[in-house]
Amino acid sequence: MTKGKVDALLGIVFGDEGKGKVVDVFTPRYDVVARFAGGPNAGHTIIFEGKKFVLRSIPSGIFDEGKLNIIGNGCVIAPDLFMAEAQELESAGYDLRSRLHISKRAHLILPTHRVLDRAFEAAKGKNAVGTTGKGIGPTYSEKASRTGLRVGDILENFEAKYAALKARHEQQLRDLHYTDYDITEEEQRWLQGVEYMKNFQLTDSEAEINHLLDEGKSVLAEGAQGTMLDIDHGTYPFVSSSSTTTGGVCTGLGVGPNRIGEVFGIFKAYSTRVGAGPFPVELFDETGDRLREIGHEYGAVTGRNRRCGWIDLVALKYAIMVNGVTQLVMMKSDVLDGFDTIRACIAYEKDGQTTTEMPYDTEGWKAVYKDIKGWKQDLTAITSEAQFPQAFSDYIAFLEAELKTPITILSVGPDRAQTIMR
Ligand code: IMP
């Protein structure tokens, strides 16, 4: 934690790195927790005081009384889903209204954006991205084409603005011959959600954050998705539509680069990906199934099977570079406990060509592996580095040498206590 700075906590591969658990360890150190990108396509599972919550749009600092939580301007927000998420927390006894601020500049996901998401996916056929169906792409497209609605719009003459945008979407859907949908009920809940959002402080959050930093407060920027799903740096076009990287922290919260302190990059001891797109380390065999089963690799938002594979050092090096990662956090090390041999992808290969740099077009590349001896020991009861099996220490040393970045936090099990700081 750095006073007067924004530290970033970012998934640096394909998301689902287990940020939820780490945020829970991190938040007590910070005054403010802010989301800067994405929306309800995220699903951060947090187990707090024995209860399980899946946060989609709300920052994870919400469980910690006394923390301010901000949904920043770079986010997109669906009022109906926000209302459901917030009401669940309110009925569990958490006070949200005084501690959750929403940027007036964040964009609104309309019910028709979700229909458009489905329509665009259907039109792409076998090239579909496999989106979460939450309307993310159409909402960010609309933001870029300067026709979207922002949270601040709900405060004035909203009905007319909403009706005009919805009518345009309906026309677009007719043009796509995508007419078999009914949003009547969904729209009612959505409009209720819009009213409900008025109970919260809708702010100029960039000014608010900068003033707090001037006062020496510390801010944690909580990432969503991962670097390889970033609109610029991911495996385009199989990406999400926001800036999930450190650059996105600056634009998505309205802070200058000189405000950024530490950049924590989270990754798993192996790889997963949800949805379509290149994934050179993907395992289609029993080992992949074994990783999925032991690691419980099923999507938090969609319930889909996650694609599984060995750790990808090409992707990690790239992500460390584009994010300026200063410290690494390795999750789910214990999932590899039973393997005799662990593999790490050290390069990609295609048509006799080998590269250790992330290629422009990741399609068709195959992973080149280095085999590493497994530790074959249960890590879950370990509480300090002194108890690490030698082979596990060797694995960490290998990763740090390759990635040229220290791994300062290691997770060896789902519980908060199963976290080792180095
Ligand atoms: P979208 O963000 O719903 O448009 O989906 C675009 C791609 O990003 C799809 O491959 C999704 O599966 C993936 N994606 C979006 N959000 C997440 C996430 O939170 N974790 C992992 N994958 C995600």
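Since the structure is predicted, the reported quantities are computational estimates derived from the model, not experimental observations. Whatever order the structure lists them in is the order used to number ligands and atoms, beginning at 1.
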Can you find a non-hydrogen atom of S241 under 4.0 Å from ligand 1?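 Checking ligand 1 against S241, which is what was asked, there is no heavy-atom contact under 4.0 Å.
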Can you tell me if K134 has a non-hydrogen atom under 4.0 Å from ligand 1?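 K134: no contact with ligand 1 (<4.0 Å).
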Parallel, tilted or perpendicular: which one describes the rings of [X] and [Y], with boundaries at 30° and 60°?
X: Y94; Y: F63; result: perpendicular
X: W310; Y: F339; result: perpendicular
X: F392; Y: F388; result: perpendicular

For atom 1 (P) of ligand 1, which of the options S242, S240, G226, A224 provides the nearest non-hydrogen atom?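 The residue whose heavy atom sits nearest atom 1 (P) of ligand 1 is S240.
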Just by distance, with hydrogens left out, do H113 and T139 show a side-chain donor and acceptor under 3.5 Å apart?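 Their side chains do contain a donor-acceptor pair, which is all the 3.5 Å distance test asks for.
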Please work out whether any backbone atom (N, CA, C, O) or any side-chain heavy atom from C-beta onward of R273 is under 4.0 Å from ligand 1, and answer side chain, backbone, both or neither.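 Near ligand 1, R273 shows nothing, with every heavy atom at 4.0 Å or more.
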Kindly confirm or rule out an N or O of T132 lying under 3.5 angstrom from an N or O of ligand 1.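 The answer is yes, given that T132 and ligand 1 share an N or O pair closer than 3.5 Å.
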Any atoms of ligand 1 less than 4.0 Å from a non-hydrogen atom of F14? List them with their elements.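 Listed by number with element: 21 (C), 22 (N).
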Suppose I only count heavy atoms of A42 and a 4.0 Å limit; which atoms of ligand 1 are within that range?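 Selected atoms, number and element: 19 (O).
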Is it true that a side-chain atom of R422 and a backbone atom of I407 form a donor plus acceptor pair closer than 3.5 Å?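 The answer is yes, because a donor-acceptor pair under 3.5 Å joins these two groups.
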